Asker: 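One structure coming up, written as structure tokens, with questions to follow.
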Amino acid sequence: MSSWVNSAEILGSDLPLELSGTGNRRALLMDALREAVRSGRLAPGARLPPYRSLAADLGLARNTVADAYAELVAEGWLAARQGSGTRVAERAVPVTPVHRPRTPERAARPVHDLVQGQPDPSVFPRTAWLASARRALAAAPDDAFGPGDPHGRPELRRALAGYLARVRGVRAAPERIVLCSGAAHGLRLLAEVVGGPWAAEEYGLPFHRALLASHGVGTRPLGVDADGARVDGLTRRDRAVLLTPAHQFPTGGPLHPGRRAAVVDWARATGGLVVEDDYDGEFRYDRQPVGAVQGLDPEHVVLLGSVSKSLSPTLRIGWMVLPQRLVGPVVTAKGEREQFSSATEQLTLADFVESGAYDRQVRRMRQRHRRRRDQLVAALERRAPHIRVTGIAAGLHAVLELPPGTERSAVRAAAWQGLAVEGLADYLHPGSEGAGQADAPRDGLVVGYATPAESTYPEALEALCRALPPG
């Protein structure tokens, strides 16, 4: 969800909606719906998906979609009736939207993108990648251009086995690695094979929870504190637990060593599965990255990884390091042929890893992101010393802790300053309140520092400081 979306396909509906750009999500959704009505792609009387479904499909907070629907009803674009859902208003020609005074939430499209999760596309290593592509194609065996093996190319699985053992402490032979198109694809396959219910950290990507739910796997929240997920809340009923141990997403704490051991003990005792999303495990700046939990027990932990943070999300290459018992079922669920990831890109990545170019790219990105985070911390110390950065020095984002009750106004103020930035509440599991062990929701901003260009980043930080609540 990094720069929100460049194009969104609404799964399971007939709504031909396209969204582009970054920024205030409600405003972008409203603009896209208005344009769909103006152009006739949404005809008068057409029924829109329920706001819960649309929110799940797009990876948005339910309130974001509900508020967008409500405002478009008020403007006359949509009509809502009890029992019949929300529809495009009946009219001969579209009406002009009601003109309202400009407010922070309805400010112009953002100038600076501080949404988490997406690396700056300008730093993709084009020259090194092209060199690897040429070598890979020249050496590719003939079967690389035939129907693909759903396990993935053996060249890449061998390269990943060596790299992950060396860098992340992963214990796996290439035969335990199944390639996928990213963490989301891996979760879909595991949901189909493992079933539910799952436990999940109370803060995490709404898209992942919605994806599991769409495959019939419900999740319940585990509380999160400075030591990561409170794994003592796991039960025998849980079939699996989804964790981000290296750098809890998005709050930023690593999973405490005692809790790492405890979650493995739970899996051994119950037959449960630990699903370790190692989304940015390579990017720690204050010390060497801690090894993956998978290294503690390869038969009870699945490690999910991808190149979306280190190279580019457009490559659509990820991996699952699986317990032996799950390899066959996951490959069966994936299908008889590789449908998701190009064999030539897999071969290119294999060469990229084995040539050392991937290590060089990770070091380059680590230095760049560390510098960006240091700039953010320094700007806050100068301009807003009362605002604390939480979590460890790692990853592509930081969470700014805000005074209670100020998050929503800070997000509005940021939009007024031309910033695309998200509130921490967007990532809170909807079942967290009253869950027993989950804390009261916190106020914070999730600030992505990877995307802006070098020349505009200082200006983005100045605008961010102006949007923060006073001390």
Side-chain angles (χ1 to χ4, degrees), residues 2 116-133 135-136 155-172 177 179-180 182-183 186 244-249 252 254 276-295 303-321 341 345-375 391-398 448-454 457:
S2 37
Q116 63 78 31
Q118 179 173 315
D120 182 354
S122 70
V123 298
F124 183 82
R126 303 183 192 202
T127 301
W129 184 260
L130 180 59
S132 284
R135 289 192 296 268
E155 297 90 343
L156 180 53
R157 290 187 284 123
R158 286 194 297 268
L160 287 172
Y163 175 81
L164 293 172
R166 173 169 54 84
V167 174
R168 302 295 297 124
V170 168
R171 295 161 54 197
I177 298 175
L179 300 182
C180 54
T244 50
H247 183 218
Q248 201 286 318
F249 181 86
E276 179 177 13
D277 183 357
D278 202 39
Y279 75 101
D280 67 356
E282 298 150 314
F283 296 113
R284 179 139 185 192
Y285 315 128
D286 57 346
R287 52 172 287 177
Q288 283 294 110
V290 176
V293 173
Q294 190 271 357
L303 182 113
L304 293 177
S306 78
V307 297
S308 64
K309 303 297 186 292
S310 54
L311 288 173
S312 169
T314 63
L315 290 178
R316 309 311 305 152
I317 299 178
W319 50 85
M320 294 174 282
V321 184
S341 182
E345 288 189 343
Q346 291 182 32
L347 290 170
T348 300
L349 181 58
D351 181 274
F352 199 75
V353 171
E354 292 188 329
S355 69
Y358 189 73
D359 286 87
R360 290 190 292 274
Q361 173 68 4
V362 168
R363 286 195 298 270
R364 177 189 180 198
M365 299 303 289
R366 189 182 291 135
Q367 292 167 359
R368 188 176 191 271
H369 298 333
R370 177 176 183 171
R371 184 171 65 251
R372 290 293 185 90
R373 188 181 188 278
D374 289 346
Q375 287 177 267
I392 59 175
L396 282 68
H397 76 277
Y449 44 72
T451 304
E454 292 285 352
Y457 186 55

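The structure presented is a predicted model; accordingly, all values stated were derived computationally and were not measured.
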Asker: Give me the atom names and distance for the closest heavy-atom approach of Ala246 to Arg168.
Answerer: CB-NH2, 3.9 Å
Asker: Rounded to the nearest 0.5 Å, what's the gap from CZ on Arg364 to NE2 on His369? Could you check?
Answerer: 10.0 Å
Asker: Ala394 and Tyr449: which non-hydrogen atoms are nearest, and at how many Å?
Answerer: O-OH, 3.1 Å
Asker: I'd like to know if the side chain of Arg171 and the backbone of Gly295 have a donor-acceptor N/O pair within less than 3.5 Å.
Answerer: yes
Asker: So do Pro125 and Leu311 actually touch side chain to side chain, heavy atoms under 4.5 Å?
Answerer: yes
Asker: Less than 4.5 Å apart, any side-chain heavy atom of Asp359 and any of Tyr163?
Answerer: yes
Asker: Heavy atoms only: give me the nearest Gln294-Glu276 pair and the separation to one decimal.
Answerer: N-OE1, 2.9 Å
Asker: For the residue pair Ser310 / Tyr358, report whether a side-chain donor-acceptor contact shorter than 3.5 Å exists.
Answerer: yes
Asker: With rounding to the nearest 0.5 angstrom, report the NE2 to CG distance, His247 to Asp277.
Answerer: 12.5 Å
Asker: Hey, are the side chains of Arg368 and Pro119 touching, using non-hydrogen atoms and a 4.5 Å cut-off?
Answerer: no
Asker: Do Leu304 and Tyr279 have side chains that get closer than 4.5 Å, going by heavy atoms?
Answerer: no
Asker: State whether the side chain of Arg157 and the backbone N or O of Leu179 hold a donor-acceptor pair below 3.5 Å, judged by distance alone.
Answerer: no
Asker: Under 4.5 Å between any side-chain heavy atoms of Leu315 and Trp129, yes or no?
Answerer: yes
Asker: I need the Ile317 CD1 to Glu345 CD distance, nearest 0.5 Å.
Answerer: 5.5 Å
Asker: What are the two closest non-hydrogen atoms of Lys309 and Leu396, and how far apart are they?
Answerer: CD-CD2, 4.0 Å
Asker: Answer yes or no: is there a side-chain heavy-atom contact under 4.5 Å between Gln367 and Arg370?
Answerer: no
Asker: Looking only at non-hydrogen atoms, find the nearest pair between Ala161 and Ile177 and report the distance.
Answerer: N-CD1, 3.7 Å
Asker: I need the Trp319 CH2 to Ser306 OG distance, nearest 0.5 Å.
Answerer: 6.0 Å
Asker: Considering all heavy atoms of both residues, which atom of Ile392 and which atom of Arg373 are nearest to each other, and what is their separation?
Answerer: O-NH2, 3.5 Å
Asker: Answer yes or no: is there a side-chain heavy-atom contact under 4.5 Å between Leu130 and Arg126?
Answerer: no
Asker: Would you confirm whether the ring centroid of His397 sits within less than 6.0 angstrom of the ring centroid of Phe249?
Answerer: yes
Asker: When you check the gap from the basic side-chain N to the acidic O, do Arg372 and Glu454 get nearer than 4.0 Å?
Answerer: yes
Asker: From Phe352 CZ over to Arg360 CZ, what is the distance, rounded to the nearest 0.5 angstrom?
Answerer: 7.5 Å
Asker: Atom CD of Glu354 and atom CG of Leu156: how far apart are they, to the nearest 0.5 Å?
Answerer: 9.0 Å
